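These notes concern the structure reproduced below.
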Amino acid sequence: MLDLYARTWQGTPLDADEYVISSEEKTSNQARCPPAYDVHAAKASGRWEKTTGIDPFMVLVTQVLTREPYAGAKRVFRDVDYGSSHRGKKAADRLPAAFPNAVLIHSTPRCTLPA
């Protein structure tokens, strides 16, 4: 993930038309606002949803990836946590099936330090 944040993927610099979007569900917030954050342009998008899940996540993805510059991008890397709406192979397959230029990347789980 850190390589992507430094605009590198598998040892190769990202092109100007490649983007990294960080997504996280804020499920502990009463308002349930899943944000999408373009880490290089410092630009955020979000939605207010009553529930979490695959459908609300895909609505957010659609909101972001159907707009420029992402709609016409070579690749858009989606950095996601291990939330239930976007973990596993099904999620990794679902995203590029809907948006061929999208690449789902699961962040490393956060570590908890012992007290």
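Note that this is a predicted model, so its numbers are computed, not measured.
The CG atom of D38 sits 4.0 Å away from the CD1 atom of I21 when rounded to the nearest 0.5 Å. To the nearest 0.5 Å, the span separating CG on L95 from CZ on R78 amounts to 7.0 Å. To the nearest 0.5 Å, atoms CG (N101) and CG (L65) are separated by 6.5 Å.
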Note to self: I'd like to know whether R94 forms a side-chain contact (heavy atoms from CB on, under 4.5 Å) with I54, so could you lay out the CA-CA distance, the side-chain angles of the two residues, the decisive distance to 0.1 Å, and finally the verdict.
What the structure shows: CA-CA 10 Å; R94 183 183 314 113; I54 294 169; 3.5 Å; yes

Enumerate donor-acceptor pairs with a distance under 3.5 Å from any side-chain N or O in residues 13-20 to protein atoms, sequence neighbours excluded.
| unit_1 | atom_1 | unit_2 | atom_2 | d |
| --- | --- | --- | --- | --- |
| D15 | OD2 | K74 | NZ | 2.8 |
| E18 | OE1 | D15 | N | 2.6 |
| E18 | OE2 | R75 | NE | 2.5 |
| E18 | OE2 | R75 | NH2 | 2.7 |

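Taking the salt bridge (Lys or Arg N to Asp or Glu O under 4.0 Å) definition, one finds that K89 meets it with D93, sequence neighbours left out.
Taking all atoms of both residues into account, the shortest heavy-atom contact from A102 to P96 is O-CB, 3.6 Å.
Side-chain contact check for L4 versus I105: some heavy-atom pair is nearer than 4.5 Å. Side chains of D3 and Q10 form no contact here, defined as non-hydrogen atoms less than 4.5 Å apart. Using a 4.5 Å heavy-atom threshold, the side chains of F99 and V76 count as separate.
F77 and Y5 fall within a single hydrophobic cluster, where Ile, Leu, Val, Met, Phe, Trp and Tyr are joined by side-chain heavy atoms under 4.5 Å apart, directly or via other members. Criterion: ILVMFWY side-chain heavy atoms under 4.5 Å apart, direct or through other members. Under it, V59 and Y70 are not part of a common hydrophobic cluster.
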